[in-house]
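Structure first, then comments.
Chain letters run A, B, ... following the sequence lines, proteins first, then strands; residues in each count from 1. Side chains included, hydrogens not; waters and symmetry mates left out as well; all remaining heavy atoms used.
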There are 2 protein chains.
Amino acid sequence: MFSKSCEYGLRAVIFIAEQSTLQTKVGLKTIASAINSPEAFTAKILQILTRNNIVTSIKGPYGGFMIEEYRLKEITLSEIVQILDGDKIYTGCGLGLKQCDDKSPCPLHFKFIEIRNNLKKMLEENTLHDILFTDTEKNVFWLKT
Amino acid sequence: MFSKSCEYGLRAVIFIAEQSTLQTKVGLKTIASAINSPEAFTAKILQILTRNNIVTSIKGPYGGFMIEEYRLKEITLSEIVQILDGDKIYTGCGLGLKQCDDKSPCPLHFKFIEIRNNLKKMLEENTLHDILFTDTEKNVFWLKT
DNA sequence: CTAATAAAGGATAAAAAGATCCTTTTATAT
DNA sequence: ATATAAAAGGATCTTTTTATCCTTTATTAG
């Protein structure tokens, strides 16, 4: 569904968000080991997320990554996915046709947009805050990757 | 959503199915140009689909690919997707975690399985026959890739 | 000011997906 | 039987994605 970059990105952001609610800033090593992702690759993804103002980074000793409290209710999963995977997941045809829309639909078009709209809706409706506070086993799942 | 192989495969199968209802067997060149896919790559995909008894191939002059009439109501989109992309689309965690299920769910788990189940249901419920006969502009869309 | 720490960023490498080429096998018409 | 047409299959190449390494920049404590 999502690229590896996007999966790592989402995991990283959710983890950072979680720690941020505890007023804790986290470094790359901590993040990568918590979410079980390759460190250097995760660094690249965090750079992108930093440039796109999803996370805030602080350089130097005692530095790390964090997300401002007020941003938790603003940032949606959709934004993160769009930054890391673009919008092909929202706009792409199921059969990969360039020209496929309501006017000239592929044979799967109408069945497909239904699914895609559900996904889109879900990603747009869920902010980091929502994800953190409907988590059934908060802070626990990370240990089981 | 799907890999390129799977997109080409679905397009090829739908095209072959369409032609098969007209009692017409089609060759690789015809298929690749109709569905706008790379010929040699499409050949590989058709090999896989032949081995998996989705399409029937006939070698030699006047050969080509076809789908038996009675198979049209049996073959679902789901089968084709599973053959070409495996079942990660059905079973994989949205965040890419190995261990993620109802018992130890990732933070997106319950929101995700809803989407995935919709997709699964759609692919399982639609046979080639269904796709062919709910196509709004039958035989036309291929020309517009 | 210096040493140390941590993120940023450039360059490169490895793996996977996508695509092509060429030879072999099978079947058909003449 | 032979020439030909078409799919099967092996080998190889290209591109994209995933991943690593190393140098530079920024920040902090002492």
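- Using a 4.0 Å cut-off, some side-chain N or O of A/Arg51 falls inside it from OP1 or OP2 of C/dG9.
- Within the 4.0 Å cut-off from OP1 or OP2 of C/dA8, at least one side-chain nitrogen or oxygen of A/Ser57 is found.
- Comparing A/Tyr62 and A/Ser5 by the nucleotide of DNA chain D that holds the closest heavy atom to each, the one mapping nearer the 5' end is A/Ser5.
- Rounded to an integer number of Å, the gap from CZ of B/Phe41 to C1' of D/dG9 is 15 Å.
- For the pair B/Lys25 NZ and C/dT28 P, the interatomic distance rounds to 8 Å; values are reported in whole Å.
- A salt bridge links A/Glu74 and A/Arg71; the closest N-O separation between the charged side-chain nitrogens and carboxylate oxygens is under 4.0 Å.
- Between A/Thr50 and the phosphate of C/dA7, there is no side-chain N or O to OP1/OP2 separation shorter than 4.0 Å.
- Between B/Ile31 and A/Lys4, the one whose closest nucleotide on DNA chain D sits nearer the 5' end is B/Ile31.
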So A/Ile54 and A/Thr50, side-chain contact (heavy atoms from CB on, under 4.5 Å) or not? Walk me through it.
CA-CA 6 Å; A/Ile54 299 297; A/Thr50 301; over 6 Å; no
Chi angles and distances behind the side-chain hydrogen bond (donor to acceptor under 3.5 Å, both in side chains) call for A/Thr76, A/Glu125:
CA-CA 7 Å; A/Thr76 61; A/Glu125 277 176 353; over 6 Å; no
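- One can place NZ of B/Lys59 at 15 Å from C1' of D/dT4, the figure rounded to the nearest angstrom.
- The separation between B/Leu28 atom CG and C/dA19 atom P is 14 Å, rounded to whole Å.
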Given salt bridge (charged side-chain N to carboxylate O under 4.0 Å, His left out), test A/Lys4 with A/Glu7 step by step and report yes or no.
CA-CA 5 Å; A/Lys4 236 84 189 42; A/Glu7 289 176 357; 3.5 Å; yes
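- Between the CD1 atom of A/Ile58 and the C1' atom of C/dA8 there is a distance of 14 Å, rounded to whole Å.
- Residue contacts shown for A/Leu46 are absent, as no nucleic acid heavy atom lies under 4.0 Å away.
- Closest to the B/Tyr8 side chain, of the nucleotides D/dT4, C/dG18, C/dA19, is C/dA19.
- Between B/Glu7 atom CD and C/dA19 atom P the separation is 10 Å, expressed in whole Å.
- Between A/Gly60 and B/Glu39, it is A/Gly60 whose nearest contact on DNA chain C lies nearer the 5' terminus.
- Side-chain atoms of B/Lys44 and base atoms of D/dG10 include a donor and an acceptor less than 3.5 Å apart.
- Rounded to whole angstrom, the span from the CD atom of B/Gln47 across to the P atom of D/dA7 amounts to 11 Å.
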For a side-chain contact (heavy atoms from CB on, under 4.5 Å) check, start with the C-alpha distance between A/Thr127 and A/Leu77, then their side-chain angles and the critical distance, and finish with the verdict.
CA-CA 6 Å; A/Thr127 65; A/Leu77 298 178; over 6 Å; no
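- Rounding to whole angstrom units, CE of residue A/Met66 and P of C/dA6 are separated by 17 Å.
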